[in-house]
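In this text the structure is predicted, and so the values were computed from the model without any measurement. All residue numbers in this chain count up from 1 along the given sequence.
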Amino acid sequence: MKRAKIIGLGAYAPKRILTNADLEKMVETSDEWIIQRTGIRERHIADDGEATSDLALRAAQEALERAGVEPSDVEFIVVGTTTGDMTFPTTANVLQHRLGCRNAGSVDVYAACSGSIYSLSIGAQYIQTGKYRTVLCVGAETLSRITDWTDRGTCILLADAAGAAVLRPSDDGSGIIDTDLYSDGGYWELLYQPAGGSRNPASHETLDRRMHYAKMKGSELFKVAVRMLEDCSAAILAKNGIKPEEVDLFIPHQANLRIIQAAAKRLNMPMEKVLVNIDRYGNTGAASVYVALEEAWSLGRVKPGDLLLLAAFGGGLTWASALVRW
């Protein structure tokens, strides 16, 4: 089977920027406190009326243009998100229509922040099996919509953005070498949104109790997240007979700088080989890895023949990894 190759990348972040100084006026926090604990200096926040599909559309259009692919050529769209425009239709369905991809099936992947690699993995399988020739993979979030701006533990982290990748069969051996997907629902209480689903449908009570916002047990999640990033990264390298020192660039989910640093240390991966942009974007959920990958490519940090290691974790809990030969 031919590998799936990324032939075009796109990314978009809302124009509005929320700095740590802005947050100092909203909750009891400080720029120094936020940077020390998270590495974040600013984050992008969607304007009123700007939905997840709006961000996804901009990123997808850029990816398609760079790939030289017409919307009518796209056969399947997979969108990773936890903050879709509506419960249904899916954000992928909305995106399919707005892009004009008349010949494409579409689906959302609901794996929280791991939705980036989950969507990439699913898209790659369709290419590898020969089912489709052109697949559009997207990660998009408006996490600000489920952020409790009175909770300093979460409001300093969450942000909005979208990233996209166009996949086609590789004819030169480059492309997505392997992906691994994991989950463990036993950790669900570490990061979740209590209300809005069938368990706790919207009501006056759920609104009064602020149950429609993301809830997180930060210290517990930190420990698990570091282990997840390390384990899935080490496993996919070992399975493919690759040593950490052979990796040219490690692109982890941008959730917390300390998590990234701890995972890199455990993998014996020098920070010079790690893509970090959390200082300017915050945690953008399923968009995170795509946005970081696009930045690495745009800045020339990714060259033909380079070996990339991608890894992510998210609420659920879910975690995932990918190996890509550029």
Side-chain angles (χ1 to χ4, degrees), residues 2-11 59 63 66-67 80 113-125 127-128 135 137-139 161 163-182 228-255 259-261 263-278 281 284 286-313 319-326:
K2 286 190 175 183
R3 289 175 180 169
K5 180 178 181 178
I6 298 173
I7 64 167
L9 290 166
R66 286 172 167 173
C113 302
S114 302
S116 52
I117 299 177
Y118 266 67
S119 60
L120 190 68
S121 178
I122 292 170
Q125 309 310 309
I127 297 291
Q128 286 181 297
V135 175
C137 301
V138 180
V166 179
L167 305 184
R168 271 195 172 163
S170 172
D171 55 8
D172 59 7
S174 63
I176 299 169
I177 299 170
D178 196 7
T179 60
D180 283 338
L181 309 179
Y182 304 88
M228 287 175 171
L229 283 181
E230 178 196 8
D231 288 352
C232 70
S233 297
I236 199 168
L237 289 173
K239 184 172 63 168
N240 288 276
I242 296 171
K243 298 177 182 179
E245 55 266 30
E246 296 179 70
V247 174
D248 294 291
L249 190 63
F250 178 38
I251 303 180
H253 169 47
Q254 308 288 305
I259 292 176
I260 294 171
Q261 291 172 330
K265 183 178 181 179
R266 291 189 179 192
L267 290 166
N268 294 317
M269 193 80 63
M271 289 304 295
E272 294 76 21
K273 284 189 172 185
V274 183
L275 193 292
V276 177
N277 66 3
I278 190 173
Y281 288 96
T284 58
S288 169
V289 170
Y290 283 123
V291 171
L293 177 59
E294 190 279 335
E295 180 170 298
W297 175 79
S298 294
L299 294 176
R301 291 191 64 180
V302 178
K303 303 179 292 297
D306 280 356
L307 182 63
L308 313 183
L309 170 62
L310 318 180
F313 69 92
W319 60 108
S321 59
L323 277 175
V324 181
R325 178 69 68 183
W326 202 254

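Rounded to the nearest 0.5 angstrom, L267 CG and E230 CD are separated by 5.5 Å. Interatomic distance, F250 CZ to M271 CE, rounded to the nearest 0.5 Å: 9.0 Å. Of the inter-residue distances, the one linking W319 atom CH2 with Y118 atom OH reads 8.0 Å to the nearest 0.5 angstrom. In this structure, CD1 in I236 is found 8.5 Å from CD1 in I242, a value given to the nearest 0.5 Å. Note that CG of D231 and CZ of R266 are 8.0 Å apart. Values are rounded to the nearest 0.5 Å. Taken to the nearest 0.5 Å, the CZ atom of R3 stands 12.5 Å off from the CG atom of D171.
For the pair L310/S321, no side-chain contact is recorded, criterion being any heavy-atom separation below 4.5 Å from C-beta on. Between L120 and L167, the closest side-chain pair of non-hydrogen atoms falls below 4.5 Å. A heavy-atom distance below 4.5 Å is not found between the side chains of K2 and Q128. At a threshold of 4.5 Å between non-hydrogen side-chain atoms, the residues I177 and L307 count as touching. Within the 4.5 Å cutoff, side-chain heavy atoms of I260 are placed close to those of V274. Within the 4.5 Å cutoff, side-chain heavy atoms of I7 are placed close to those of R168. Within the 4.5 Å cutoff, the side chain of W326 has no heavy atoms near those of the S174 side chain. By the 4.5 Å heavy-atom criterion applied to side chains, V166 and L9 are not counted as neighbours.
A salt bridge between D172 and K5 is present, with a side-chain N of the basic residue lying under 4.0 Å from a carboxylate O of the acidic one. The pair E245-K273 fails the salt-bridge criterion, with no side-chain N (NZ, NE, NH1 or NH2) lying under 4.0 Å from an Asp/Glu carboxylate O. With salt bridges taken as basic N to acidic carboxylate O contacts below 4.0 Å, one links D180 and K239.
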Begin from the C-alpha positions of R66 and E294 and carry the test salt bridge (Lys or Arg N to Asp or Glu O under 4.0 Å) through to its verdict.
-> CA-CA 11 Å; R66 286 172 167 173; E294 190 279 335; 2.8 Å; yes

Under the side chain to side chain contact (heavy atoms under 4.5 Å, CB included) rule, what do M269 and L309 come out as? Steps first, then yes or no, please.
-> CA-CA 11 Å; M269 193 80 63; L309 170 62; 4.2 Å; yes

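Residues V291 and A161 approach most closely at CG2-CB, 4.1 Å, considering heavy atoms. Heavy-atom minimum distance, A320 versus C232: O-SG, 3.5 Å. Among all heavy-atom pairs drawn from I6 and A165, the shortest one is CG2-CB, 4.1 Å. Counting all heavy atoms, side chain and backbone alike, G10 lies closest to A63 at N-CB, 3.6 Å. In terms of heavy atoms, C137 sits closest to S119 at SG-O, 3.6 Å. Among all heavy-atom pairs drawn from L275 and P252, the shortest one is O-CD, 3.7 Å.
Side chains of S288 and Y281: a donor-acceptor N/O pair is absent below 3.5 angstrom, by distance only.
With hydrogens and angles disregarded, no donor-acceptor distance shorter than 3.5 Å links the side chain of Q125 to the backbone of I122. With hydrogens and angles disregarded, no donor-acceptor distance shorter than 3.5 Å links the side chain of N240 to the backbone of L237. Remark: side-chain polar atoms of Y290 are paired, donor with acceptor, to backbone N or O of S116 under 3.5 angstrom.
Aromatic ring orientation, H253 versus F313: perpendicular (interplanar angle above 60°, classes split at 30° and 60°).
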